[in-house]
Amino acid sequence: MEMKRAEIMNDIKKVQVISANITKGGVGKTTIIYNGAYFLTMLKLKKVLIADFDFQMNLTNRFIPVSQRKDLIKPENGVLNFFKNDTIPEPILVDNNLWLIPGNPKLEELLDDVKNGKQRNYLLQWYYSNMEKLSEQYDYILFDTHNDHNMITDNILAVSDKVIAIADVDGDSMSMLADEVNHINKLKKLIVNPITGESFVNTKVVKIGNKIIADAAKNPDTSTANVDHRNFVKAFNQMMEVDDSFLGYFWERGPLAKAKTENKSMFHLKNDARYNKKNNIEFYQKSEELFEKIFSS
């Protein structure tokens, strides 16, 4: 008899699958996945697999510079293996308890094949075929996606337990959060068991803000910060009061920018005397609190 997704996992520890997606570039999606991975490995001592499905390969570049790709990334490591019959990628150990399935610049070229039915549900097949093994090897799987809803991205959203939808201070950002929820609801109706009619998609959307000026975040009514940031914080706070899927927002702060340029996480910089000054302590504290909500809610 066919089983529901939840029933399949009743008897084994379930790896948590979390992705970040929004149909807008530049909101910090890759930065949040990258730092979230280190929050889990460094602070929570978890085993984490990350996979880069963004066509720009920014997550891969954080671990493996472009100049070293040919030496460090073998054909069997990358995401293209999902499209090959009877093969799955072999992740690269990139840090303590952290493994990477690197992206590939040719990924975008496969979109037409996926749309036309070739490996249309490849990630669902991989996930269900390897669910027990994945749950034994990892505590979390984190996916970085392209900033759209193409067929590849839809596969990722379908297997995710949770999707992190990210908004910045742009005027249409809040509506994009609603669009992400609507899209997930459509996938729940589209990706179903053909025998039972039950959905394979059991994805929860959590919403966060990013790149918010710290003073606006702390004092939205009295701050002299940019009005767009103050208005965003007020609107987001109102939503948090009535909708528990709105979790909070990351501050715009120097350590995040430095973490990107130095290819280190904010949690590495927290232990660096140059970046753990008094004015950054609250930033680290608030960031850790928000990551705690993201991975536990």
Side-chain angles (χ1 to χ4, degrees), residues 15-21 25-42 46-111 113-114 118-119 122-127 129-130 133-134 137-148 150-160 163-164 259-268:
V15 61
Q16 291 293 302
V17 182
I18 298 176
S19 58
N21 182 251
V27 298
K29 173 174 53 64
T30 299
T31 297
I32 288 169
I33 288 292
Y34 178 82
N35 283 284
Y38 277 108
F39 170 82
L40 292 170
T41 59
M42 294 179 66
K46 300 297 184 180
K47 294 180 291 185
V48 179
L49 171 65
I50 52 179
D52 187 0
F53 281 87
D54 190 340
F55 302 153
Q56 296 176 335
M57 295 181 61
N58 290 329
L59 183 62
T60 299
N61 295 338
R62 297 289 288 267
F63 294 99
I64 302 173
V66 175
S67 60
Q68 298 180 29
R69 283 183 191 171
K70 290 184 178 180
D71 295 327
L72 299 180
I73 302 177
K74 307 304 180 184
E76 61 268 23
N77 301 136
V79 294
L80 293 186
N81 287 285
F82 282 118
F83 296 89
K84 299 177 181 179
N85 293 330
D86 301 320
T87 65
I88 59 174
E90 297 180 13
I92 302 170
L93 181 65
V94 290
D95 213 329
N96 293 332
N97 287 328
L98 183 59
W99 290 261
L100 168 70
I101 298 177
N104 191 292
K106 296 182 180 180
L107 184 61
E108 188 173 9
E109 298 174 12
L110 295 176
L111 269 179
D113 285 339
V114 177
K118 182 181 179 181
Q119 299 291 348
Y122 71 96
L123 202 53
L124 280 170
Q125 295 167 3
W126 169 77
Y127 178 71
S129 298
N130 297 277
K133 182 179 179 181
L134 290 168
Q137 293 179 321
Y138 310 109
D139 299 301
Y140 288 86
I141 299 175
L142 307 184
F143 288 111
D144 193 14
T145 65
H146 197 61
N147 53 305
D148 61 10
N150 66 61
M151 189 66 69
I152 294 174
T153 301
D154 283 353
N155 266 262
I156 295 168
L157 301 179
V159 301
S160 297
V163 174
I164 308 168
K260 184 175 182 179
T261 57
E262 296 193 13
N263 275 342
K264 295 180 180 179
S265 76
M266 67 170 68
F267 305 105
H268 290 94

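All heavy atoms count here, side chains included; hydrogens, waters and symmetry mates do not.
Looking at Asn155, its side chain never comes within 3.5 Å of a backbone N or O of Ile152 through a donor-acceptor pair. Between the side chain of Ser265 and the main chain of His268, a donor-acceptor pair closer than 3.5 Å is present. For the pair Asp71 (side chain) and Gln68 (backbone), a donor-acceptor distance under 3.5 Å is absent. Side chain of Asn77 to backbone of Ile73: no donor-acceptor contact under 3.5 angstrom is found.
Inter-residue side-chain proximity for Val17 and Tyr127 is flagged as met; some heavy-atom pair is nearer than 4.5 Å. Counting only heavy atoms from C-beta outward, the side chains of Met57 and Pro105 approach each other to under 4.5 Å. Proximity of Ile156 to Ser19: side-chain heavy atoms (C-beta onward) are separated by under 4.5 Å at one or more points. Between Val79 and Phe53, the closest side-chain pair of non-hydrogen atoms falls below 4.5 Å. Looking only at side-chain heavy atoms (C-beta outward), Ile141 and Ile18 stay at 4.5 Å or farther from each other.
Note that OG1 of Thr145 and CZ of Phe55 are 9.5 Å apart. Values are rounded to the nearest 0.5 Å. The distance from atom CD of Glu109 to atom CG of Leu80, rounded to the nearest 0.5 Å, is 9.0 Å. Between atom CE of residue Met42 and atom CG of residue Asn35 there is a gap of 10.5 Å, rounded to the nearest 0.5 Å. One distance of note links CD of Gln16 with CG of Leu142; it measures 10.5 Å at 0.5 Å rounding.
Between Tyr140 and Phe39, the ring centre distance reaches or exceeds 6.0 Å.
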Evaluate side-chain contact (heavy atoms from CB on, under 4.5 Å) for Leu72 paired with Phe63, printing each intermediate quantity in order. CA-CA 10 Å; Leu72 299 180; Phe63 294 99; over 6 Å; no

Start with the C-alpha distance between Leu40 and Asp139, add both sets of side-chain angles, then the distance that settles side-chain contact (heavy atoms from CB on, under 4.5 Å), and finish with yes or no. CA-CA 9 Å; Leu40 292 170; Asp139 299 301; over 6 Å; no

Could you walk me through whether Ile32 and Thr30 satisfy the side-chain contact (heavy atoms from CB on, under 4.5 Å) test, starting with their C-alpha distance in whole Å, then the side-chain angles of each, then the deciding distance to 0.1 Å, before giving a yes or no? CA-CA 5 Å; Ile32 288 169; Thr30 299; over 6 Å; no

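Residues passing the salt bridge (Lys or Arg N to Asp or Glu O under 4.0 Å) test with Asp144, sequence neighbours excluded: Lys29.
Counting only residues at least two apart or on different chains, the side chain to side chain donor-acceptor pair (under 3.5 Å) pairs with a member in residues 55-67 are Asp52-Thr60, Gln56-Asn58, Asn61-Arg69.
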Throw together a table of side-chain donor-acceptor distances under 3.5 angstrom for residues 92-104, partners on residues two or more places apart or in other chains.
from   : atom 1 : to     : atom 2 : distance (Å)
Asp95  : OD2    : Tyr38  : OH     : 2.7
Asn104 : OD1    : Lys106 : N      : 2.8

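The two residues Asn21 and Asn147 make their nearest non-hydrogen contact at ND2-CA, 4.5 Å. Minimum heavy-atom separation, Asp54 to His146: OD1-ND1, 2.9 Å.
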